[in-house]
Amino acid sequence: MIRTFIQKDLQYVIEAHIRIDRDEYNYDDSFAACINEAVKQGQNLRQEIQR
């Protein structure tokens, strides 16, 4: 069974996403920067919605 996402899982999810895409699609570290920026924007949007 997969448990509910908790905030401390976020860094693992980001790193796994980057690692998988690097291994399967040969993406470089510039892609990692895009993923981190997208996650940051998503967190900001979520905070705004919760206000």
Side-chain angles (χ1 to χ4, degrees):
M1 179 176 187
I2 297 176
R3 65 177 169 75
T4 302
F5 173 80
I6 55 176
Q7 188 63 35
K8 70 180 187 178
D9 294 333
L10 186 59
Q11 192 60 39
Y12 171 80
V13 172
I14 292 170
E15 290 171 3
H17 183 23
I18 291 167
R19 184 177 58 251
I20 290 166
D21 288 344
R22 181 180 50 235
D23 293 348
E24 292 189 13
Y25 304 110
N26 296 318
Y27 288 170
D28 62 13
D29 288 337
S30 64
F31 180 71
C34 291
I35 295 299
N36 283 314
E37 182 60 29
V39 169
K40 181 180 175 182
Q41 289 177 3
Q43 288 178 312
N44 291 341
L45 180 60
R46 184 176 180 186
Q47 289 173 353
E48 288 180 27
I49 290 171
Q50 290 176 343
R51 288 184 202 173

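The figures here come from the full heavy-atom set of this structure, side chains too, leaving out hydrogens, waters and symmetry mates.
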Next on the checklist: Rounded to the nearest 0.5 Å, what separates atom CZ in Phe31 from atom CG in Asp21?
Outcome noted: 4.0 Å
Checklist entry - What is the distance from atom CD1 of Ile18 to atom CG of Asp23, rounded to the nearest 0.5 Å? => result 11.5 Å
Next on the checklist: Applying side-chain hydrogen bond (donor to acceptor under 3.5 Å, both in side chains) as the test, list every pair that has at least one member in residues 39-51; sequence neighbours left out.
Outcome noted: Glu37-Gln41
Checklist outcome for this item: For Asp9 and Thr4, the nearest pair of non-hydrogen atoms, with its separation, is OD2-O, 4.3 Å
Item to check | Minimum-distance pair of heavy atoms, taken over all atoms of Leu10 and Phe5 | outcome: N-CE1, 3.8 Å
Checklist entry - Applying the side chain to side chain contact (heavy atoms under 4.5 Å, CB included) test to Gln11, which of Gln7, Glu15, Lys8 qualifies? => result Glu15
Next on the checklist: Between Tyr25 and Ile20, is the side chain to side chain contact (heavy atoms under 4.5 Å, CB included) condition met? List the steps.
Outcome noted: CA-CA 8 Å; Tyr25 304 110; Ile20 290 166; 5.6 Å; no
Next on the checklist: Looking at Tyr12, I want to see if its OH is surrounded by more than 12 non-hydrogen atoms of other residues, nucleotides or ligands under 6.0 Å.
Outcome noted: no
